[in-house]
Amino acid sequence: MMETSLTGMKRTHMCGELRLADAGQTVTVNGWVDRVRDNGGVLFLLVRDRAGVIQCTFDKSVNADLFNIAFTCRTEFVVAVRGTLAARDEAAVNKKMPTGEVELIAGEIRILSKAETTPFEIDDTKEVGDQVRLKYRYLDLRRPSMQKNMMLRHRVTQVARNYFDENGFLEIETPMLTKSTPEGARDYLVPSRVHPGKFYALPQSPQQYKQLLMLSGVDRYMQITRCFRDEDLRADRQPEFTQIDLEMSFVEQDDVIAVNEGFLARVFKDVLDVDIQLPLPRLTWREAMDRFGSDKPDTRFGFEIRDISDIAASCEFGVFKGAVEAGGTVRLININGYADKFPRKEIDKLADFVKTYRAKGLAWMKLAADGSMTSSFAKFLTEDEVSAIKERADMHENDVLFVVADASEETALVSLGALRCELAKRLGLAKKDDYKLLWVTEFPQFEYSEEEDRLVAKHHPFTAPMDEDIALLETEPQKVRAKAYDIILNGCELGGGSIRIHDSELQTRMFRALGFTEEKAKEQFGHLITAFSYGAPPHGGLAYGLDRLCMLLAGLDSIRDVIAFPKVQNASDLMMSCPDTVDEKQLDELSIAVTRMEKTEE
RNA sequence: GGCCCGGUAGCUCAGUUGGUUAGAGCGCUAGCCUGUCACGCUAGAGGCCGUGGGUUCAAGUCCCAUCCGGGUCGCCA
């Protein structure tokens, strides 16, 4: 029976931390065999742990028995190696390895665990599909890049805990089993055994609890907590995700922003050694939409949107004129300096791109470097009108304009906003290590829901309206702006928050504006309304998407890469094979009958 | 729910107009090699071409359905 106990072979150092300064020491390492290089008489085992890789050297002529044990090692065997750390000969130094100046001259090896051949190589240089990676996530996580991501995430959460602690925040846990909320995303439901037919909901966010904590006099709260939303997934959206959630009492918007700018600066400094200039720029929601066609503008590049509705209104081109007459707008972006990158064929394909955002089409005008002009619409306009557009767009040689005319202002703005981001990405102007943070403020309080044919809260029903707009609540609710703010990084919504309503009377008016009857408001939010009647401090807060923050800090494109065990697009876990069916007995105990089963085909 | 892309060896992929025995690199197995470091050399094993149906003399290739993975619109207070 081979000895596989660790006794007597516990590590003295992490593999990846060994350096020239340690040479001469007797060193024991524990880790996985990263690679076996058998040169006949001399054999190298690369042993890997979280910190990195160290070369262990076995010489047949020095110790044949030892060599023969090492010879049986395969990739991913778990081993303990003891020996003398030696400086490598100058010619043998591997400059590509942090430990490349030293090697461990093995005097003893113990195989702690053998390993089957892994389904894919534990190696950052080889691409592996998500399907295989996630089925064997524990192997995927062995890859140095994934270990780096997990360590980065740890760093971010530590910075958050330390920073908010230093600023007087208490970390308090709120329940995972809570009440289903009618507004917002679909809830994940948890059946109650004790209360047949009744369900808990997993929290979409700890929103109500943290506000109640303010009523409790906690003053400043923070929590790093899981949130659940049963909606479709995206590269930056998982059904369970983590928020850095915080709330403060006796504050106004600027106070919340100030404390969070401090946090962001700290994170960027500690994690990336990047200095963030404070205060961060701010844009109102209206300005963000008008200039960037997005409530999460990417300001790493220009190509800002301009309005030519006034010129279009009086022209004879039906598409432009018609859009304005229908109450819409005509807007454009100038991809200045890149007209040569857009041959006719490419431009035609871009029309399909904007159509996914409901635009009807894409008009364009190109001024080549030699001064020759081509356009899909100029022939319908007068010379003066063309000149006016060129002037409005600040158009010069090698510029290309893209124009969207639409009866819906939102459609025109959003489709051009998406186009400017897409083109910047293709032109390589959206650099990952260029960090553009900004606040978007003054969000609309309400938005129209086609599905429900009524106004719904854009943020949530506890968001305070701006003081100067309160009077409009009953008269022109669609014009009411909220004390809500989002923090945006490189076109990605990192987090958002608001100042909350702390006044019962105003909250009542808000529920009324949202179309809640008094009974319905009491039924859904009675506990809050009651709580607020006992003395509520002015308060507000913010919540960050921790996964997105980590993704952007790590320069990645998917939050899956900073989540240890993520779900795939259909919200299942390929490793655990869940969700899954359960025993009839379990269902029976919960008083649940399944009426429809998923079609499964193996 | 809609649209787009993909599924071929353990992994990453190629596979022409439908036409002999479906290939490559990596990995794996065995042998050789005393300083490699993406070690090298030699040999070998390894395929339900996602699944089901259809068209055809003939399907990895064309058609339909379906499952799986990715992106995205809707959705995400």
Inset, instruction - Count the heavy atoms of every other residue, nucleotide or ligand shown that sit under 6.0 Å from OH of A:Tyr200, and state whether that count exceeds 12. - result: no
Legend entry - Whether A:Tyr357 stacks on the six-membered ring of B:rC73 base, 5.5 Å and 30° limits: no
Legend entry - Separation of B:rA38 P from A:Arg37 CZ (nearest whole Å): 6 Å
Inset, instruction - Please check the phosphate of B:rC28 (OP1 and OP2 only) for any side-chain N or O of A:Thr75 closer than 4.0 Å. - result: yes
Inset, instruction - Figure out the CZ/P separation between A:Arg143 and B:rG27, and round it to whole Å. - result: 16 Å
Inset, instruction - Output yes when at least one side-chain N/O atom of A:Arg234 is less than 4.0 Å from OP1 or OP2 of B:rC73, else no. - result: yes
Inset, instruction - Rounded to the nearest angstrom, tell me the gap between atom CG in A:Asp232 and atom C1' in B:rC73. - result: 11 Å
Legend entry - Nucleotide opposite B:rC33 in a Watson-Crick or G-U pair, distances under 3.5 Å: none
Inset, instruction - Describe, in one word, how the ring planes of A:Phe228 and A:Tyr188 are oriented to each other, choosing from parallel (under 30°), tilted (30 to 60°) and perpendicular (over 60°). - result: perpendicular
Inset, instruction - Answer yes or no: are there more than 12 heavy-atom neighbours, outside A:Glu447 itself, under 6.0 Å from its atom CD? - result: yes
Legend entry - Watson-Crick or G-U counterpart of B:rG44, or none if no pair lies under 3.5 Å: B:rC28
Inset, instruction - Please report, rounded to the nearest Å, how far the P atom of B:rG40 is from the CG atom of A:Leu43. - result: 15 Å
Inset, instruction - Take atom CG of A:Asp38 and atom P of B:rG35, then tell me their distance rounded to the nearest Å. - result: 12 Å
